[in-house]
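Okay, structure first, notes after.
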There are 2 protein chains.
Amino acid sequence: MTYSEENYLKAIYHLSLSQKQGVSTNAIAALIESKASSVTDMIKKLAEKELIIYQKYQGVMLTDKGLMAAKMIVRKHRLWEVFLVEKLDFAWDEVHDVAEELEHIKSEKLINKLDAFLGFPTEDPHGDPIPDKNGNIVKVEKQLLSEFEIGQTGICVGVKDSSSSFLQYLDKQQIALGSKIKVVAKESFDMSLTIEVNGKSMIISNKIAGNLFVKTVS
Amino acid sequence: MTYSEENYLKAIYHLSLSQKQGVSTNAIAALIESKASSVTDMIKKLAEKELIIYQKYQGVMLTDKGLMAAKMIVRKHRLWEVFLVEKLDFAWDEVHDVAEELEHIKSEKLINKLDAFLGFPTEDPHGDPIPDKNGNIVKVEKQLLSEFEIGQTGICVGVKDSSSSFLQYLDKQQIALGSKIKVVAKESFDMSLTIEVNGKSMIISNKIAGNLFVKTVS
DNA sequence: ATATTTTTTTAGTTTTGTCTAAATTATTAT
DNA sequence: ATAATAATTTAGACAAAACTAAAAAAATAT
């Protein structure tokens with residue numbers, strides 16, 4: 001599989017997680033930052049290889065084969081991210097672009113050895129799950145902080161948006177994976193939240209709360 | 001720089017180490033396993049970018065800029081090899097192909113962090129020198145075992161040929177970097193050597209001896 | 001010194017992945 | 001139900017990197 005084919009497959013995988021129907025040409029083009037016509041070309045190729053099912057004008061869906069291939073790329077991406085953060089001291093907002101390259105290195109032995117070296121992690125530095133060598137994914141119950149009621153307490157287990165600016169904002173506010181967050185108040189006008197983290201009280205916008213995954217605790 | 005440009009640059013670098021004049025088109029084609037016409041195309045491109053000096057029919061030489069770029073690729077290749085052997089328990093004959101891919105990952109930060117993580121090694125698993133971040137290379141005096149006289153003792157510090165079959169032969173004979181080797185006798189008919197390694201005596205062909213680098217010791 | 005051989009370059013194709021512009025199909029609005 | 005709009009596909013072009021075959025230059029041999 002080529003570098004480019006892998007990127008398309010990964011994009012289709014990510015898009016298919018949020019929609020249960022076929023993934024549209026335009027959606028792929030937007031994510032990959034290319035043009036719809038380029039996408040049409042590529043999905044024909046992927047369909048020929050039986051990695052996706054494609055009918056003209058109907059969008060695409062991953063086959064079992066394609067799903068597994070996509071998961072293996074995601075596995076590589078996320079394992080490399082763990083390596084960069086845990087072993088090479090990268091910050092969590094610096095790893096994406098490098099992992100984007102590393103994910104294309106073709107060696108099963110390499111990735112399985114790396115997995116062992118890292119202690120078989122189940123989540124990457126942003127809280128996203130890492131498929132194991134068979135493609136199995138451990139699902140963590142989580143919800144968005146914005147869905148919490150007043151008085152509820154949770155632990156931060158992931159981010160929905162992992163853009164540099166968002167991650168750096170969290171660093172600045174000292175919110176990290178594992179942080180305990182309590183919702184103290186909710187402003188009905190703009191849905192901003194007053195929360196307590198590390199004993200400190202702060203106000204965060206609804207947009208922030210809508211990008212933070214939390215797990216309920218007692 | 002593209003993947004392909006980097007490979008050409010690296011090939012030219014390796015070839016220019018053994019010859020002091022310009023590197024010929026055919027020599028590059030042979031090393032890269034491509035055709036002379038393809039090489040001509042690429043060296044024109046590299047010359048435009050001022051990475052090499054090229055005059056028709058005269059072969060090529062690296063510019064300072066090209067030399068540094070080539071050294072950085074070699075640096076990456078060899079650091080990754082150290083990582084694979086030291087951290088992921090690869091055998092020394094398994095690392096080349098994977099490193100061949102990893103050397104193209106574009107991140108200065110990554111490679112310098114990796115360098116630090118590995119403890120700033122100066123040699124790769126085959127005894128070849130690793131350029132530092134400024135391109136400096138520590139030279140080790142070494143000679144081929146085949147050049148040793150009877151009675152001389154040395155320590156194995158590298159291999160000239162790092163093909164899988166040769167490295168596996170050395171593993172089988174329990175010859176590794178650091179092994180102490182004493183030349184006991186030399187057969188004048190075929191130049192084969194009787195040597196002592198790890199207290200054991202064995203006979204090795206001239207071809208083997210001509211691919212083992214050793215450093216003289218007392 | 002000239003003829004032969006080898007090396008290198010040029011010219012023209014091919015493949016992969018991209019694009020623009022135009023045509024076609026699907027969706028939405030009236 | 002038809003018109004307007006949006007989404008998708010097709011057709012044709014282009015750049016990168018490779019190739020084959022043929023031409024040109026350099027090296028070698030007689």
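By convention in this document, chain letters (A, B, ...) are assigned in the order of the sequence lines, proteins followed by strands, and residues within each chain are numbered from 1.
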Review point. Please give, in whole Å, the distance from dT9(D) P to Tyr54(A) OH?
Key: 3 Å
Review point. Around Lys49(B), counting heavy atoms of other residues, nucleotides and ligands shown, do more than 12 lie under 6.0 Å from its NZ?
Key: yes
**Study point:** ring pair (Phe, Tyr, Trp, His ring centres under 6.0 Å) partners of Phe83(B), counting only residues at least two apart
**Key:** Phe83(A), Trp80(B)
Point to revise | Contacts of Glu101(A) that satisfy salt bridge (charged side-chain N to carboxylate O under 4.0 Å, His left out) - sequence neighbours left out | key: none
Review point. Looking across every strand, which nucleic acid part, if any, lies under 4.0 Å from Ser37(B) by heavy atom: base, sugar-phosphate, or nothing?
Key: base
Check your understanding: For dT8(D), does either OP1 or OP2 sit under 4.0 Å from a side-chain N or O belonging to Asn26(A)?
Key -> yes
Review point. Between dT8(C) atom C1' and Lys44(B) atom NZ, what is the distance in whole Å?
Key: 10 Å
Review point. Asp41(A) CG to dA11(D) P: how many Å, rounded?
Key: 11 Å
Review point. So do Leu110(A) and Lys113(A) actually touch side chain to side chain, heavy atoms under 4.5 Å?
Key: no
Point to revise | Exam field: side chain Gln173(B) to backbone Leu170(B), donor-acceptor pair closer than 3.5 Å | key: no
Check your understanding: dT9(D) P sits how many Å from Gln55(A) CD, rounded?
Key -> 11 Å
Point to revise | Between P of dT16(C) and CE of Met42(A), the distance in whole Å | key: 10 Å
Point to revise | No-H, no-angle donor-acceptor pair, Ser24(B) side chain to dT8(C) base, under 3.5 Å | key: no
Check your understanding: Base, sugar-phosphate, or nothing for Thr40(A), non-hydrogen atoms under 4.0 angstrom?
Key -> base
**Study point:** Rounded distance (Å) that lies between atom P of dA18(D) and atom CG of Leu46(B)
**Key:** 11 Å
Exercise for review: Look at all strands and tell whether Thr25(A) reaches a base, only sugar-phosphate, or nothing, counting heavy atoms closer than 4.0 Å.
Suggested key: sugar-phosphate
Practice item. Write down the distance between OH (Tyr3(B)) and P (dT16(C)), rounded to a whole number of angstrom. Key: 17 Å
Point to revise | Face-on cation placement of Lys87(A) at Phe117(A) ring, 6.0 Å and 45° thresholds | key: yes
When you compare the protein's N or O atoms with those of nucleotides 25-28 of chain C, which come within less than 3.5 Å of each other, and at what distance?
from    : atom 1 : to       : atom 2 : distance (Å)
dT25(C) : O4'    : Tyr57(A) : OH     : 3.4

Point to revise | Any Ser38(A) side-chain N or O less than 4.0 Å from OP1/OP2 of dC19(C) | key: yes
Study note, to complete from the structure: Comparing Tyr8(A) with Gly59(B), nearest DNA chain C nucleotide closer to 5' gives the residue Gly59(B)
Review point. Between His77(B) and His96(B), does the ring centre distance come in under 6.0 Å?
Key: yes
Check your understanding: Would you say Lys35(B) reaches dT9(C)'s phosphate, i.e. side-chain N/O to OP1/OP2 under 4.0 Å?
Key -> no
